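Encoded as structure tokens, here's the structure I'll be asking about.
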Number of protein chains: 2
Amino acid sequence: MSSINLKRLSEELGLSISSVSKALRDSYEISAETKKRVMEMAEKLNYQPNPFASSLRRKKSLTVAVVIPEIANNYFALAINGIQTVAQQKGYHVLTYLTHENAKDQESTIRHLQGGRVDGVLISLCSDTSTGNQLTELQNAGFPVVFFDRVPDAPGCPTVTTDDFDGGFKATEQLIKSGCKKIAYLRVSGYLSTTVNRMNGYLAALQKYGIPHDTKMIVECSNDDDSNQELIKKVLKMRGRPDGILSSVEKLAISTYYACTEINLKIPKDLKVISFSCLRTASLLSPSLSTITPPAFEIGKEAASLLFRMIEKKVYGNRIDKIVLNSSLIQRNSSR
Amino acid sequence: MSSINLKRLSEELGLSISSVSKALRDSYEISAETKKRVMEMAEKLNYQPNPFASSLRRKKSLTVAVVIPEIANNYFALAINGIQTVAQQKGYHVLTYLTHENAKDQESTIRHLQGGRVDGVLISLCSDTSTGNQLTELQNAGFPVVFFDRVPDAPGCPTVTTDDFDGGFKATEQLIKSGCKKIAYLRVSGYLSTTVNRMNGYLAALQKYGIPHDTKMIVECSNDDDSNQELIKKVLKMRGRPDGILSSVEKLAISTYYACTEINLKIPKDLKVISFSCLRTASLLSPSLSTITPPAFEIGKEAASLLFRMIEKKVYGNRIDKIVLNSSLIQRNSSR
DNA sequence: CATTCTTACGAAAACGTTTTCTGATGTTTT
DNA sequence: AAAACATCAGAAAACGTTTTCGTAAGAATG
């Protein structure tokens, strides 16, 4: 809107457009004195360079995209916070896109991003994902892409994740040590690297402690809170019901709490619960919720930093970073 | 990155650049047959128009900015969700900027936005705000700006808010009816429309029920959780301490819970608490937290819709929309 | 003095679109 | 048959930058 541009500025100063441009970019071709004059006039007229002209010419958008399943989610909100912090400090702009756990949305977003609107992409895959090909297409085109949290299992992808296997293992171990004999695992339907790795940790812990693996203890949930709650209630009412629950995502722990209230099961007496979660109020819940907490903010920061390294050095060629951060297990009353 | 552009496409088709462009935009100047050929080739080569060239030429970015104090906050996360939902459906892109409650950041963001990177701005002011002038400058330049939640008190601003006065009034009334005689109000330092309107509702309720207003009951908190917790503890330990607390924002209610745990005050027996909050787990807290819940998602949607109306009809001239949505008071155990 | 080098600046092309203007062909009207 | 018109397509300018190249004037060199 600000209709003052280089042309206007150059007329005001009695200089050519190119000289003004060079002065503003602090080129050695311009004398110190002229630079000063230009800077002052630019300041005075509140000159703001047109970002589109600049991006068009330089083939650089100074913008990155963040593609996530949802935003009203403690984990992703914190991760974005980390991403923004790094990006803003680097002078980059951040576009966010929500896929709503919908592969179609994710695909069209990725396709769109190929238009060159951004210099790089940070993405956490939706559960309903089958778009690996599209993404590798992007990557093969030399486009910087960093996956975080929910990542593809392909080896060629730079990723930032938490030690999900270890988290699942330790959480399960903790439940076992608190006396649980039958531990259910609440997973999300579809393929999610996180949920699968966490499950593998869970299975490994069962094996280590000689607890037989029962497929009825793997509960596959959907994205609908109400039906999840019904499903969990059903599991908790069946013969040989679980006495411990490991929830792979926060919202399933919430649903478990509600389910227990409804069918009058007491946590932790009748059922011990532990969940992956970034809930700030975990310790204020009734009972306080034991959690495995991924360092979401740091994950965002690391992912963004990695992306900027990839963007900045043209040649990130053969090096593939796989960064793994530790999550912390915090035992509270729900699993004692 | 996708280096196929109109030139490449036109060569492939044996047409001129302009014809291809017109075909893609479905111009009447191009025959149906040619259009079909062009569309197919564009599809085949996965042509993605360069957004910068397009924006430069058309002076339209198809992008809006969201400027908020923080994102790791249930309210703002939900609001962004609403904004994104509307924007994505309209084919717009969303840039987000965090001010971290910092007026300097907010200023520089606004200044930057004048460069024309976006077609409109959605903003919720930071607490430390003194930048009204800058914003009206933007508005005077005919730039579409919609304020939501935390708004300036100037009459010329389109806003989307909740009935904060009413919420503060009813919440206070509820505490009084539950037997509270001395009710403290936790506010945030600096000027925030929300916190002030809520306080006025609080004061009005006190007056209606003939409760004397005591300035010591207005507790001005900062942005630091730890020092807030200390401050609240101090208030709860003083002579003539409050027996009820109305918290103007979610995080202060959390701090209150922690403070009570530390000094061994029981909610609701020793202290009744009610808070403005979008916490999904309010009913699972110990004790469950009474809340006044603003419809954050809808606020985001309304704000975005209003902004798009402003962007789309060039002339929104003398009409100023002030949309107010109702928040809902949910009484739970913390205030019974 | 003639040549090469700096220094400081301007002219113009380029980025990839969109849009206005112009024109060629064939079709309808007078 | 001449004139007006409709249809379709291309040429070229424009958006506001950045960058390459050219060059004038003076300084340094031989």
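Every chain is numbered from 1, with letters handed out A, B, ... down the list of sequences. Being a predicted model, the structure only gives us computed values, none of them experimental.
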Nucleotide nearest Glu29(B) (side chain, heavy atoms from C-beta), chosen from dC9(C), dT20(C), dA12(C):
dT20(C)
Please report the distance, rounded to the nearest Å, between CZ in Arg58(B) and P in dG16(C).
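Rounded to whole Å, this separation is 18 Å.
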Measuring to OP1 and OP2 of dT18(C), would you say a side-chain N or O of Ser54(B) lies under 4.0 angstrom away?
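Checking dT18(C) against Ser54(B), a side-chain N or O does come within under 4.0 Å of OP1 or OP2.
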Reference residue Pro158(A); test side-chain contact (heavy atoms from CB on, under 4.5 Å); the match among Lys322(A), Gln139(A), Arg309(A)
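Among Lys322(A), Gln139(A), Arg309(A), the one that satisfies the side-chain contact (heavy atoms from CB on, under 4.5 Å) with Pro158(A) is Gln139(A).
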Please state how far atom CG in Asn50(B) lies from atom P in dC15(D), giving the value in whole angstrom units.
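From Asn50(B) CG to dC15(D) P: 18 Å.
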Atom pair distance, as rounded to whole Å: CD1 in Ile17(B) and P in dA14(C):
13 Å
Between dT18(D), dT18(C), dG16(D), which nucleotide has the shortest distance from any of its atoms to the side chain of Arg25(A)?
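Nearest to the side-chain atoms of Arg25(A), counting from C-beta on, is dT18(D).
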Atom-to-atom span, CD of Glu11(A) to P of dG16(D) - whole angstrom
12 Å
Side-chain donor-acceptor pair present, Glu70(A), Asn73(A), cut-off under 3.5 Å
yes
What is the distance, to the nearest angstrom, from the CD atom on Gln48(B) to the P atom on dC15(C)?
20 Å
Give the C-alpha distance, both sets of side-chain angles, the deciding distance and a yes or no for side-chain contact (heavy atoms from CB on, under 4.5 Å) between Ile68(A) and Ile80(A).
CA-CA 9 Å; Ile68(A) 52 175; Ile80(A) 290 213; 3.7 Å; yes
Let's see if you can work this out: which of dA9(D), dT17(D), dG10(C) has an atom nearest to the side-chain heavy atoms of Ser19(B)?
dA9(D)
Angle by which the axis turns from one end of the helix from dC1(C)-dG30(D) to dT30(C)-dA1(D) to the other, five pairs per end, to 10 degrees:
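Its terminal axes enclose an angle near 50°.
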Tell me whether the OP1 or OP2 atom of dG10(D) has a side-chain N or O from Ser16(B) closer than 4.0 Å.
yes
Will you find, in the side chains of Ser21(A) and Ser18(A), an N or O donor that is under 3.5 Å from an N or O acceptor?
no
With the side chain of Leu6(B) defined as its heavy atoms from C-beta on, choose the nearest nucleotide among dT17(C), dG16(D), dA9(D).
dT17(C)
Under 3.5 Å side-chain donor-acceptor pair for Asn46(A) and Gln114(B)
yes
Looking only at side-chain N and O atoms, does Lys59(A) come under 4.0 Å of OP1 or OP2 in dG16(C)?
yes
Nearest-Å distance for atom pair OH/C1', residues Tyr28(A) and dT7(C)
10 Å
Ignoring backbone atoms, establish whether Ser31(B) has a side-chain N or O less than 4.0 Å from OP1 or OP2 of dA9(D).
yes
Among side-chain atoms of Tyr97(B) and His93(A), is any donor-acceptor pair under 3.5 angstrom?
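Indeed, the side chains of Tyr97(B) and His93(A) share at least one donor-acceptor pair under 3.5 Å.
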Heavy-atom side-chain contact between Phe148(B) and Thr161(B) under 4.5 Å
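No - every pair of side-chain heavy atoms lies 4.5 Å or more apart.
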Leu9(A) CG to dT17(D) C1': how many Å, rounded?
13 Å
Quick one: does Thr162(A)'s side chain get under 4.5 Å of Val324(A)'s, heavy atoms only?
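Thr162(A) does not reach Val324(A) side chain to side chain.
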Using a cut-off of strictly less than 4.0 Å, decide whether Tyr47(B) has a side-chain nitrogen or oxygen near OP1 or OP2 of dT17(C).
yes
May I ask you to say what Lys22(A) touches in the nucleic acid, namely base, sugar-phosphate or nothing, with a heavy-atom cut-off under 4.0 Å?
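Lys22(A): base contact, heavy atoms under 4.0 Å.
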Rounded to whole angstroms, how far apart are CZ on Arg57(A) and C1' on dG16(C)?
12 Å
Do the side-chain N or O atoms of Thr34(A) get closer than 4.0 angstrom to the phosphate oxygens (OP1, OP2) of dC9(C)?
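Yes, Thr34(A) has a side-chain N/O under 4.0 Å of OP1/OP2 on dC9(C).
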Closest-nucleotide mapping onto DNA chain C: is Ala53(B) or Ile30(A) further toward the 5' terminus? I mean the 5' end.
Ile30(A)
Respond yes when some side-chain nitrogen or oxygen of Ser21(A) is under 4.0 Å from OP1 or OP2 of dT17(D), and no when none is.
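Ser21(A) to dT17(D) OP1/OP2: no side-chain N or O under 4.0 Å.
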